[in-house]
Amino acid sequence: MNDRRSLVFSTLIVLILLTISTKLFSDNSKSTDKNAILILDLSRSMWGKIDETSKVVIARRAIRQMLDEWDKNTKLGVMVYGSRHRNSCKDIQTLSEVRRVDRRRIMKMLARIRPVGRTPLTASVKLAASKLKSKNAAATIILVSDGIDNCGLNSCKVAKMLKQENKRLRVHVVGLGVKGIKGLSKLKCIASNTGGKYYSANSASKLRTILKSVNKIVSKQNYRRSAPKVEDHGSEVSVRNARLIEQKSNDKKPKSNYMYEKTYSFSVVPQQSAEKTEKIWGPILNRVSKQSGIKLVLKTSKTIPEFEKELKIGWYDFSYMNPFHYTVFHDTSNYHAIIKPKDKKIKGIIVVRKNSSIKSVKDLQGGHLAFPSPSALGATILTRAYLEKQGINIRPNYVSSHDLVYRSVSSKKYRAGGGAVRTIDKLDKDVSDTLRVLWTTKGYTPHAIAVHKRVPKEIVDLVQKSFADLHKSEMGRKLLRAVKLQGFVNAKNSDWDDVRALKIDPLKVTESY
């Protein structure tokens, strides 16, 4: 009798556990939410016509129909760009945050705004992606545009980065009357790099059909992985089998040498060629990655202006930037310093050919000089400020990197150029032997390794410690010698107050491009 009661009790316990576990698995197999954002291009070109009707009118009508049929279980936000300012790349407007659809309110707002401006398409997609960051939600961006980004950002690169940050993100792109192979390829890569689809709409009816299809796709999206199926056999064997299935699934995942699976981007200001940057910084990042357990991936930009545009949108997780960059992007793009070079000051220089007749800076009056970029602190800002103070007028020419400054002076393309002590020390001997330093500035706090605020503190602490410990091993010291540094020390924001005291106007600098 006792055995029978024990069996009944055991069976009830197993059934209760199975019911609970089945419900848990069932709940986890579904996305807890589905969120989407519609981005509409309202740049000037949307006044263009298709079959005698403006593209903006065609878009509004198709969106109205899409909202009428929108899945009630999917939240939607609406953004537009180019609707307020004629020449601004910051003209991005959120008409509706991600919430249950209020069709009347959205259409009322769309009816009031007009296409007037530029096409900050990439920045809009990035902003929308940041609004959709949720670990438990399917995230979709629907982009309707008639052209490509004309604000200088690389749409393909940004799309790939956003996908790495959020595996559940999809960007579906609708090209409305897009002309030219370049326009098509740029828009298509945004979709392909995020696992979305590209649609070409060359008529009003086609756009309505496409948005209807996208609506259906969004309503059915479920990006969460299903849990293993639990068979209800009335015994603990089924639970054990489920665990075995889950274990086998985990065993198939590739083993990682790093503590965390996520990788973090690390950029270096392009003062030298991409090949040199990779050769010098690649081994350093490999060493830091190994020591910290955090995988850092080197990202390079071709030019300093491109690098600045990417910092502006917070593209990189970590970045080695010059002092002026740091003072700007700390305030505008949420970067804060964690490390700086040890026992180092940044000094600007003016170089001329070794056999040049130029004996002093006064001999530069009225001449063409090469500089890497308007925002290079040592090479440009400090040197030009000194020349202006001395009443020496020159004609600046921006060649995009320190290396190109030195080479252009060496080849006699320019009579002189602005550089930095640190970069000329790394110059190839065949070039450095043809140059001499005419003048040197006083020293300022050097470059910063800064991190974006989105990076978790535990990650930052590990990376910071690994950089600070580089000089403690022979291998680390060897790597540091390649960048002409003794080591790194922890840094704080106020370390760059000497640069802030120069009161450099960022707007004045960027206007020089």
Side-chain angles (χ1 to χ4, degrees), residues 254-300 316-323 325-326 335-347 349 378 401-403 406 419-433 443-451 455-492 495-496:
K255 302 295 183 184
S256 172
N257 294 323
Y258 300 100
M259 189 184 309
Y260 295 87
E261 290 184 8
K262 179 177 169 58
T263 61
Y264 292 87
S265 58
F266 189 106
S267 68
V268 176
V269 57
Q271 294 174 320
Q272 298 170 292
S273 67
E275 292 77 14
K276 280 188 180 179
T277 301
E278 172 66 37
K279 184 178 179 180
I280 293 171
W281 280 91
I284 291 175
L285 294 189
N286 288 338
R287 180 74 177 177
V288 171
S289 295
K290 184 177 179 181
Q291 295 299 317
S292 66
I294 310 300
K295 179 61 175 174
L296 299 176
V297 179
L298 179 63
K299 301 290 184 182
T300 57
Y316 306 114
D317 298 314
F318 294 86
S319 183
Y320 184 64
M321 59 184 79
N322 81 30
H325 285 151
Y326 176 67
Y335 283 99
H336 64 272
I338 57 171
I339 286 284
K340 66 180 180 181
K342 180 182 179 183
D343 300 328
K344 196 82 173 178
K345 290 287 186 180
I346 189 168
K347 294 180 181 180
I349 57 176
S401 74
H402 287 233
D403 268 9
Y406 301 135
V421 170
R422 190 180 60 82
T423 55
I424 199 168
D425 285 344
K426 300 179 201 171
L427 200 57
D428 292 341
K429 199 171 188 306
D430 63 324
V431 178
S432 63
D433 284 349
Y444 288 84
T445 304
H447 289 48
I449 291 180
V451 61
V455 180
K457 186 178 185 302
E458 62 269 22
I459 302 294
V460 175
D461 291 344
L462 289 167
V463 171
Q464 183 182 40
K465 185 177 187 306
S466 296
F467 268 107
D469 289 347
L470 271 176
H471 70 283
K472 295 180 180 179
S473 69
E474 180 53 41
M475 174 59 75
R477 288 191 290 272
K478 181 180 178 181
L479 297 174
L480 288 167
R481 284 195 290 271
V483 285
K484 308 289 184 182
L485 296 177
Q486 296 181 25
F488 289 98
V489 293
N490 291 348
K492 57 186 182 298
D495 291 342
W496 283 268

No-hydrogen, no-angle side-chain donor-acceptor test under 3.5 Å, Y406 and T423: yes
Verdict with reasoning, I339 to N490, per side-chain contact (heavy atoms from CB on, under 4.5 Å): CA-CA 5 Å; I339 286 284; N490 291 348; 3.4 Å; yes
Any donor-acceptor N or O pair under 3.5 Å, side chains R287, S473: yes
Trace of the side-chain contact (heavy atoms from CB on, under 4.5 Å) decision for L480 with H471: CA-CA 7 Å; L480 288 167; H471 70 283; 3.9 Å; yes
K345, NZ: over 12 other non-hydrogen atoms inside 6.0 angstrom: yes
Any donor-acceptor pair under 3.5 Å from K344 side chain to K484 backbone: yes
Any donor-acceptor pair under 3.5 Å from S265 side chain to D317 backbone: yes
N/O donor-acceptor pair under 3.5 Å between Q464 side chain and I338 backbone: yes
No-hydrogen, no-angle side-chain donor-acceptor test under 3.5 Å, T300 and T277: no
Chi angles and distances behind the ring-ring contact (aromatic ring centres under 6.0 Å, His included) call for F266, F467: CA-CA 13 Å; F266 189 106; F467 268 107; 5.8 Å; yes
Full working for salt bridge (Lys or Arg N to Asp or Glu O under 4.0 Å) between E458 and K465: CA-CA 11 Å; E458 62 269 22; K465 185 177 187 306; over 6 Å; no
4.5 Å side-chain heavy-atom contact, V455 and Y264: yes
Verdict with reasoning, W496 to K340, per side-chain contact (heavy atoms from CB on, under 4.5 Å): CA-CA 10 Å; W496 283 268; K340 66 180 180 181; 4.0 Å; yes
Close side-chain approach of P446 to P341, heavy-atom, < 4.5 Å: yes
Side-chain donor/acceptor of S289 to backbone N/O of L296, under 3.5 Å: yes
Heavy-atom side-chain proximity of H325 to V269 below 4.5 angstrom: yes
Basic-acidic side-chain contact under 4.0 Å: K276, D428: yes
H447 and I346, any side-chain heavy atoms less than 4.5 Å apart: yes
No-hydrogen, no-angle side-chain donor-acceptor test under 3.5 Å, T445 and D495: no
Centroid separation Y326 to Y444 less than 6.0 Å: no
Stepwise side-chain contact (heavy atoms from CB on, under 4.5 Å) test for L470 and F488: CA-CA 8 Å; L470 271 176; F488 289 98; 4.2 Å; yes
